[in-house]
Protein chains: 2
Amino acid sequence: MTSTDNVIEPTSAWDPYSRGCPSRDVLDQIGSKWAVLVIGELGRRGPCRFTELRQAVGGVSEKMLTQTLRTLERDGLVLRTVYPEAPIRVEYELTALGQTLRGPLRALTEWSVENSAAVLAAREKYRAKTG
Amino acid sequence: MTSTDNVIEPTSAWDPYSRGCPSRDVLDQIGSKWAVLVIGELGRRGPCRFTELRQAVGGVSEKMLTQTLRTLERDGLVLRTVYPEAPIRVEYELTALGQTLRGPLRALTEWSVENSAAVLAAREKYRAKTG
DNA sequence: CGGAATCCGAGTCGATACTG
DNA sequence: CAGTATCGACTCGGATTCCG
């Protein structure tokens, strides 16, 4: 084994600017469209059922909500609990790890809310300049 | 100009949880894979040429870098300056608006660096449980 | 050097229909 | 209620080629 084979660098050296670094996958996933909204919503509502969540996150299809929740569950950010009643009840909530993402993601959504008017204006200017 | 022309609603009314809200497009764009890295890199390096940026952001293709930079320019986050020398030189840098995104995005990348090991571990556990 | 244009496969998205 | 299945439209992203 040479010095370049399978070397796992300490966490602090995980550099998302290097191709193939796992943190890049993670970054990509947590920044994705629906994940941001689902985490935000689970954060402010607490434990929450599928349909409730679907209504809260406007415009998400069943498929994408399921897919997003599965990925978040797999990544340890969301806990899925099945209550075997009749009819069956399933609740989703953030794990402790998921909770730590709320701050960063809220900063991002707040930025987009505060600055989307400026972005839209910039787009208009760009269109006027370039056609 | 009447009272209904060019009314900018108070920012707090733009809700990314509502389908069709423009802030959602913006949020999606600024959270996208390459945009996060490009903004981060432009932020710490300052004005920067295309090839330099391409090398700094490992694994990005010319096409995606071009596309990302165009979108960021269109959205008013990046300024593109052409110096008509020979050979031609083009520099990219963050606008004032782009600068305001550095903090939120850095928080996100730092989270992914600090927690990707935990996420990877969760994935391993999930695989073991479900197959 | 700094792109633009094109091709193309792989993957994503979303609507619809169906199931336990 | 909480999904799964399927399918077409669309997009992503790499490779290649060409331009000023």
Side-chain angles (χ1 to χ4, degrees), chain A residues 16-21 24-25 27-38 41-42 45 47-75 78-93 126 130-131, chain B residues 16-21 24-25 27-38 41-42 45 47-74 78-93 130-131:
Chain A
Y17 291 91
S18 300
R19 96 192 277 167
C21 175
R24 186 179 277 187
D25 293 354
L27 178 58
D28 199 21
Q29 183 52 44
I30 62 178
S32 73
K33 182 174 180 175
W34 298 121
V36 170
L37 297 176
V38 166
E41 198 58 30
L42 281 181
R45 301 173 81 96
C48 190
R49 304 181 63 171
F50 185 88
T51 304
E52 194 181 346
L53 200 54
R54 178 151 152 63
Q55 286 161 355
V57 179
V60 68
S61 66
E62 291 184 355
K63 177 185 168 180
M64 291 314 297
L65 182 55
T66 300
Q67 206 173 96
T68 302
L69 286 169
R70 284 290 172 280
T71 303
L72 292 175
E73 187 193 1
R74 182 200 63 179
D75 287 357
V78 159
L79 179 65
R80 176 178 186 265
T81 309
V82 181
Y83 297 92
E85 309 166 348
I88 201 169
R89 184 165 58 97
V90 180
E91 282 196 347
Y92 296 91
E93 61 192 303
Y126 186 86
T130 64
Chain B
Y17 291 91
S18 300
R19 100 191 276 167
C21 175
R24 186 180 277 189
D25 292 353
L27 178 58
D28 198 21
Q29 183 53 43
I30 63 177
S32 73
K33 183 174 178 175
W34 298 122
V36 170
L37 297 176
V38 164
E41 198 57 29
L42 281 180
R45 302 174 79 96
C48 189
R49 304 182 61 173
F50 186 87
T51 304
E52 194 181 344
L53 200 53
R54 177 149 151 66
Q55 286 161 354
V57 179
V60 68
S61 68
E62 288 184 357
K63 179 183 170 181
M64 292 315 296
L65 183 54
T66 299
Q67 208 173 93
T68 302
L69 286 169
R70 284 290 169 281
T71 304
L72 292 176
E73 187 193 359
R74 182 199 63 179
V78 159
L79 179 65
R80 178 177 185 265
T81 311
V82 181
Y83 297 92
E85 310 166 349
I88 202 170
R89 183 164 58 96
V90 180
E91 283 196 346
Y92 296 90
E93 61 192 304
T130 65

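Because the structure is predicted, anything quoted here is derived from the model rather than measured. Chain identifiers are assigned alphabetically (A, B, ...) following the order of the sequence lines, protein sequences preceding nucleic acid strands; residue numbering begins at 1 within each chain.
Open room surrounds CZ on B/R19; 12 or fewer heavy atoms of other groups in view lie less than 6.0 Å from it.
Using a 4.0 Å cut-off, some side-chain N or O of B/R70 falls inside it from OP1 or OP2 of C/dA4. Applying the 4.0 Å criterion to OP1 and OP2 of C/dG2, one finds that B/K63 has every side-chain N and O outside that range. For B/T66 and C/dG3, the shortest distance from a side-chain N or O to OP1 or OP2 is not below 4.0 Å. Regarding contacts with the backbone of C/dG2, a side-chain N or O of B/T51 is found under 4.0 angstrom from either OP1 or OP2. Remark: B/W34 is not in phosphate contact with D/dG14, judged by side-chain N or O atoms under 4.0 Å from OP1 or OP2. Close to C/dG3, at under 4.0 Å from its OP1 or OP2, lies a side-chain N or O of B/R80.
A salt bridge between B/E52 and B/R45 is present, with a side-chain N of the basic residue lying under 4.0 Å from a carboxylate O of the acidic one.
Summarising the geometry, the separation between CD on A/E62 and C1' on D/dC1 is reported as 10 Å, rounded to the nearest angstrom. Atom-to-atom, CG of B/L69 to C1' of C/dG2 comes out at 11 Å; the value is rounded to the nearest Å. Put simply, OH on B/Y83 is 12 Å from P on C/dG2, counting in whole angstrom units. Atoms CD1 (A/I88) and C1' (D/dA2) sit 8 Å apart, rounded to a whole Å. For the pair B/L65 CG and D/dG13 P, the computed distance is 13 Å after rounding to whole Å. If you measure from atom CD of B/Q67 to atom C1' of D/dC12, you get 8 Å, rounded to the nearest angstrom. Put simply, CZ on B/R89 is 18 Å from C1' on D/dG20, counting in whole angstrom units. Rounded to whole Å, the distance from CE on B/M64 to C1' on C/dA4 is 15 Å.
Of the candidate nucleotides D/dG13, C/dC1, D/dA2, C/dC1 has the atom nearest to the side chain of B/R49. Looking at the side chain of A/Y92, the nearest of the listed nucleotides C/dG3, D/dG3, C/dA15 is D/dG3. Among the nucleotides D/dG13, C/dA4, C/dG2, the one closest to any side-chain atom of B/V90 is C/dG2.
Residue order along DNA chain D, read from the 5' end via each residue's closest nucleotide, puts A/E91 first among A/D28 and A/E91.
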Step by step, would you call B/L27 with A/L37 a side chain to side chain contact (heavy atoms under 4.5 Å, CB included)?
CA-CA 10 Å; B/L27 178 58; A/L37 297 176; 4.2 Å; yes
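Residue contacts shown for A/R19 are absent, as no nucleic acid heavy atom lies under 4.0 Å away. When heavy atoms are screened at a 4.0 angstrom cut-off, B/G59 is found touching the sugar-phosphate backbone but no base atom.
Considering only heavy atoms from C-beta on, A/K33 stays 4.5 Å or farther from A/M64 through its side chain.
In this structure, B/R89 is positioned above the aromatic face of B/Y83, its NZ or CZ under 6.0 Å from the six-membered ring centre and within 45° of the axis.
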